[in-house]
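Just below is one structure, and these are the notes that go with it.
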Amino acid sequence: QAPLVESGGDSVQAGGSLRLSCAASKYTYSGNCMGWFRHAPGKDREGVAAIYTSGGSTLYVDSVKGRFTISQDNAKNTVYLQMSSLKPEDSAMYYCAAARYCYWPTKGSEYYYWGQGTQVTVSS
């Protein structure tokens with residue numbers, strides 16, 4: 001089992017929706033925080049959303065509040081990112097990552113496990 005495996009990325013029209021999934025091992029998921037990050041060409045990596053796996057509290061970057069929802073299924077060691085009302089500026093490679101604490105906002109340096117990424121492309 002890879003530490004983290006993302007899936008669900010796709011090409012969609014602006015205004016559309018996608019749900020990303022991040023499957024983790026029990027060991028990786030035992031950390032207290034799981035986060036979603038994105039990295040677009042020419043831009044810095046940024047944290048999009050994070051969740052405390054033990055309690056479910058969530059954090060979001062301002063630009064996605066009200067549009068994205070992070071959730072978890074602890075029985076499956078899986079974290080999701082439901083993305084709605086997608087905009088072209090949401091286009092990026094999306095990564096799942098784990099940390100001991102949900103440092104936020106962050107570019108991700110505190111997160112120590114990373115998935116391979118899943119591409120989200122939103123066209124206008």
Study note, to complete from the structure: Residue pairs passing the salt bridge (charged side-chain N to carboxylate O under 4.0 Å, His left out) test with at least one member in residues 94-105, sequence neighbours excluded, are none

Review point. For S7, which residues count as a side-chain contact (heavy atoms from CB on, under 4.5 Å) partner, sequence neighbours excluded?
Key: S21

**Study point:** Over all atoms of both residues, closest heavy-atom pair of T78 and A23
**Key:** OG1-CA, 4.0 Å

**Study point:** Under 3.5 Å donor-acceptor, Q13 side chain and V122 backbone
**Key:** no

Practice item. Just grab all the disulfide (SG to SG under 2.5 Å) pairs involving residues 37-91, residues at least two apart or on different chains. Key: none

Point to revise | V12 side chain reached by L18 side chain, heavy atoms, under 4.5 Å | key: yes

**Study point:** Partner set under side chain to side chain donor-acceptor pair (under 3.5 Å) for D73, not counting sequence neighbours
**Key:** none

Point to revise | Set of residues satisfying side chain to side chain donor-acceptor pair (under 3.5 Å) with respect to T58, sequence neighbours excluded | key: none

Name every donor-acceptor pair, under 3.5 Å, that has one atom in a side chain of residues 64-71 and the other anywhere in the protein, sequence neighbours excluded.
unit_1, atom_1, unit_2, atom_2, d
K65, NZ, D62, OD1, 3.0
R67, NH1, S85, O, 3.0
R67, NH1, D90, OD2, 2.7
R67, NH2, S63, O, 3.0
R67, NH2, D90, OD1, 3.0
R67, NH2, D90, OD2, 3.4

Practice item. Identify, with sequence neighbours excluded, every residue that meets side chain to side chain donor-acceptor pair (under 3.5 Å) alongside N74. Key: Y29

Review point. Does S91 use its side chain to pair, donor to acceptor, with the backbone of P88 at less than 3.5 Å?
Key: yes

Point to revise | Short side-chain donor-acceptor distance under 3.5 Å, R38 and Y94 | key: yes

Review point. Quick one: salt bridge (Lys or Arg N to Asp or Glu O under 4.0 Å) partners of K87, sequence neighbours excluded?
Key: none

**Study point:** Taking every non-hydrogen atom, the tightest pair across N32 and S54
**Key:** OD1-OG, 2.8 Å

**Study point:** Close side-chain approach of L4 to M34, heavy-atom, < 4.5 Å
**Key:** yes

Exercise for review: Flag yes if V120 and W36 sit in one hydrophobic cluster, no otherwise; membership is Ile, Leu, Val, Met, Phe, Trp, Tyr, and two members link when side-chain heavy atoms are under 4.5 Å apart.
Suggested key: yes

Check your understanding: With a 4.5 Å heavy-atom cut-off, do S17 and Q82 have their side chains touching?
Key -> yes

Check your understanding: Which residue pairs pass the ring pair (Phe, Tyr, Trp, His ring centres under 6.0 Å) test when at least one of the two sits in residues 37-59, sequence neighbours left out?
Key -> F37-Y111, F37-W114, Y52-Y101

Study note, to complete from the structure: Heavy-atom nearest pair, S109 first then T106, reads N-OG1, 4.1 Å

Review point. Could you state the interatomic distance from OH (Y60) to CD1 (I51), rounded to the nearest 0.5 Å?
Key: 7.0 Å

Check your understanding: With sequence neighbours excluded, what pairs up with P105 under the side-chain contact (heavy atoms from CB on, under 4.5 Å) test?
Key -> none

Revision key, fill the gap. For P3 and Y113, the nearest pair of non-hydrogen atoms, with its separation, is CB-CD2, 4.1 Å

Check your understanding: Is there a side-chain contact between E6 and L20 (heavy atoms, below 4.5 Å)?
Key -> no

Check your understanding: Can you list every pair that meets disulfide (SG to SG under 2.5 Å) and has a residue in residues 53-96, with sequence neighbours left out?
Key -> C22-C96

Exercise for review: Look at the side chain of T118 and the backbone N and O of G9, then say whether any donor-acceptor pair between them is shorter than 3.5 Å.
Suggested key: yes

Point to revise | Lys/Arg N to Asp/Glu carboxylate O, E46 vs K107, below 4.0 Å | key: no

**Study point:** Pairing residues for Y95 by the side chain to side chain donor-acceptor pair (under 3.5 Å) criterion, not counting sequence neighbours
**Key:** none

